[in-house]
Structure formats: structure tokens, C-alpha cells
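Every chain is numbered from 1, with letters handed out A, B, ... down the list of sequences.
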2 protein chains.
Amino acid sequence: MPKLSEVVRSGKLVGNLMAKECPSRTILKHVTGRWAVLTLIALQDRTIRFSALRRLIGGVSDRMLTQTLQTLEADGFVHRKVYDVVPPHVEYSLTPMGDEVAQHVRVLADWIEDNTQKIADHQEAKAPA
Amino acid sequence: MPKLSEVVRSGKLVGNLMAKECPSRTILKHVTGRWAVLTLIALQDRTIRFSALRRLIGGVSDRMLTQTLQTLEADGFVHRKVYDVVPPHVEYSLTPMGDEVAQHVRVLADWIEDNTQKIADHQEAKAPA
DNA sequence: TTGCAAAAAGTAAGTACTGACATAAATGTT
DNA sequence: AACATTTATGTCAGTACTTACTTTTTGCAA
């Protein structure tokens, strides 16, 4: 039985995220992580090798991309297919669930890209010479 | 003239975010920050004082909430209204632009809340006793 | 007179995140 | 025989993020 304070105008439970130790926060953290956002978007509608993915996402290091992919895989957002050869050949793609989050993340990212200039203008207006 | 690699199936420019030094990344960082997400959601459809906001968002410290609000204000997402009295009285609310991002962030957050259990199940399936 | 109220700002200390670099492995090339 | 290839892993230093704690302001209640 949820507390009243956990119920919101839409009638939906929202206490979750606002609560201190909520599991959702961990997932949120994973999905909104610096490289996770870019990785999810980069993986939309494509299967791609590790090295190609790294080239696609400007500025990621091996270390961070590996780590990001592992987290996303553990959460069930990313599928990892290993071809047992040397040198290694590994392909990454989104799971159906990963595709769902990616779409939401994408909408947000698109909005930001579309409004970056507007936001920059606002900032400068506040800090004139 | 954008490179072909910067154009995506939707016909939309996406090179932005994938490029190393893109201003959009900074905004993305602000919006997807640990406390920024929760702050934007908490401010949806309401004007609220600092202390009330802190109580609403479980686990934030004064310091972090202040910092988050300042960043969001500088980007033009949050409006800050100061009543010049002692003790201080300050009210926060979303700007029209802030309301737009908040809605996108909200959709993402809702999806995560709705799927947290499913994700947790997946994780456990991978790491049995 | 002491203390509390609310919203920061400032400081110092601690933790987490990042990135650069070195290493491994089996086969084909020089 | 030495070397490049690809996907990690491990280590280590450097940076950024977080938190706890202290200080300020002014009027009013104890």
C-alpha cells in the first residue's frame, strides 16, 4: 500500500525514483551515463563490431566503452555475440528491450541537439561582456 | 555540407552528438546528471521552495541541489524567484523550455520505473547462486 | 541573550569516474 | 623470427563528483 505522497497527479506511482534507495535509480544511472546515451543511440538499428563502435563514438576510450557495454549487457539492453577466433571478433546489437530505451533516449538527445543553439544563446545573454 | 557519415536513416543530422567536441554533449550532461533528472521531474507543474524540493528528492544534499539548480538555471531550464526577506525565501519552477526537456526526461524515467523489475530479473538470471 | 528560521557560499576530505599505457592470445604476413 | 591484428583486462595516476561541516543574514520566540 503506497503512501499518498508517492502518488502523483497522473495517478501513477512515482515514489520510486524520488525515494532514496530505489533500484530504478541504478538503472537510470546506467542509461543516462555519459557514454551509455551515445552507445545506445549508436547501436540503434545496427549490429557493429567493437572497434567500429569506438570510432563511431568520438572521444571514448577502450576502457570506457568496454565498461559501458558490459553494464548495458548486464541490464539486458545490449546483446554481445562472440566469434571464437583470433584475433577476436565481437559484435554488438540492441536487445528488444534495449531498443525501447534507445528510442526514448534518442528523442531526448534529438531535442537537445535541436535546442543547443537556443540554450547557448540564453547562456550568453546572462553573461555579457 | 555534412559528411554522409553524419546523416542518419531519418534524414536527420546526428553527427553532432557523436562528434568529440560538440556543445550538445555539455547540455546532455547537464540534463542527464544524477540529480538533474530528478530535479526536472520534481519541478514539473509546480513552483516550490528550495527546502521543500530537497525533502522531495530523497538523498540530495544542499550542496548538490544548489549546484544542480544553478546549472539548470544557467541553461534556461529553471526559473528562480527570490523574495528579499530574512530568512531567505526562494521559489523554483520550470521555464517553458525546461518544461519541454522535463517531459522527455519524464517519459524515459517512467519507462525505467515500469521496467525495473524486468531488468532486475534479467540480471539475476545471469548470476544464479 | 541565546537560538532558530531558510538559502546559499565556502572549505576540506573522501569517493568515484576517466583515460593512458602495458599485456595477452593464435594466426597470417614480411 | 619478428610483427600486426582485435577485444578485452589490469594498473595507476589524474580529474571530477559528493558529502559533511561551518558561516552569514535579521527578526522573533523562549
Can you tell if the side chain of [X] reaches within under 4.5 Å of the side chain of [Y], non-hydrogen atoms only?
X: B/Thr66; Y: B/Arg63; result: no
X: B/Val90; Y: B/Lys81; result: no
X: B/Gln70; Y: B/Arg80; result: no
X: A/Trp35; Y: A/Leu65; result: no

Whole angstrom is fine here: how far is it from [atom1] in [X] over to [atom2] in [N]?
X: A/Leu53; N: D/dT6; atom1: CG; atom2: P; answer: 15 Å
X: B/Gln70; N: C/dA8; atom1: CD; atom2: C1'; answer: 8 Å
X: B/Arg34; N: D/dA16; atom1: CZ; atom2: P; answer: 19 Å
X: B/Asp62; N: C/dG10; atom1: CG; atom2: C1'; answer: 13 Å
X: A/Gln67; N: D/dT11; atom1: CD; atom2: C1'; answer: 14 Å
X: A/Leu69; N: D/dT6; atom1: CG; atom2: C1'; answer: 14 Å
X: A/Arg63; N: C/dC17; atom1: CZ; atom2: P; answer: 11 Å
X: B/Lys81; N: C/dA6; atom1: NZ; atom2: C1'; answer: 17 Å

May I ask you to evaluate whether A/Arg49 reaches the phosphate of D/dT7, defined as a side-chain N or O under 4.0 Å from OP1 or OP2?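 Yes, A/Arg49 has a side-chain N/O under 4.0 Å of OP1/OP2 on D/dT7.
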Please state whether the base of D/dT7 and the side chain of A/Arg54 form at least one donor-acceptor pair under 3.5 Å?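 Absent.
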Could you walk me through whether A/Ile41 and B/Met18 satisfy the side chain to side chain contact (heavy atoms under 4.5 Å, CB included) test, starting with their C-alpha distance in whole Å, then the side-chain angles of each, then the deciding distance to 0.1 Å, before giving a yes or no? CA-CA 9 Å; A/Ile41 292 174; B/Met18 292 305 166; 3.8 Å; yes
Taking the nucleotide of DNA chain C with the nearest heavy atom to each, does B/Tyr92 or A/Trp35 sit closer to the 5' end?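 The residue whose closest nucleotide sits nearer the 5' end is B/Tyr92.
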With nearest nucleotides of DNA chain C determined for B/His89 and A/Pro88 from heavy-atom distances, which residue corresponds to the more 5′ nucleotide?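 The residue whose closest nucleotide sits nearer the 5' end is B/His89.
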Base, sugar-phosphate alone, or nothing: which one does A/Glu91 contact when heavy atoms must sit under 4.0 Å apart?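 It contacts nothing in the nucleic acid.
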What does B/Tyr83 touch in the nucleic acid at a heavy-atom separation under 4.0 angstrom: a base, only the sugar-phosphate, or nothing?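 Nothing, no nucleic acid heavy atom in range.
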Which nucleotide sits closest to the side chain of [X]: [options]?
X: A/Val90; options: D/dA8, C/dA25, C/dA7; value: D/dA8
X: A/Ser51; options: C/dC17, D/dT19, D/dT7; value: D/dT7
X: A/Arg80; options: D/dA8, C/dA7, D/dT7; value: D/dA8
X: A/Met64; options: D/dT19, D/dT7, C/dG19; value: C/dG19
X: B/Thr66; options: C/dA25, C/dA8, C/dA7; value: C/dA8
X: A/Val86; options: C/dA26, C/dC17, D/dT19; value: C/dA26

Can you give me the closest heavy-atom contact between B/Asn16 and B/Cys22, atom names plus distance?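 Between these two residues, the closest heavy atoms are O-CB, 3.1 Å.
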Between A/Val82 and B/Gly59, who's closer to the 5' end of DNA chain D by nearest nucleotide?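 Counting from the 5' end, the first nearest nucleotide belongs to A/Val82.
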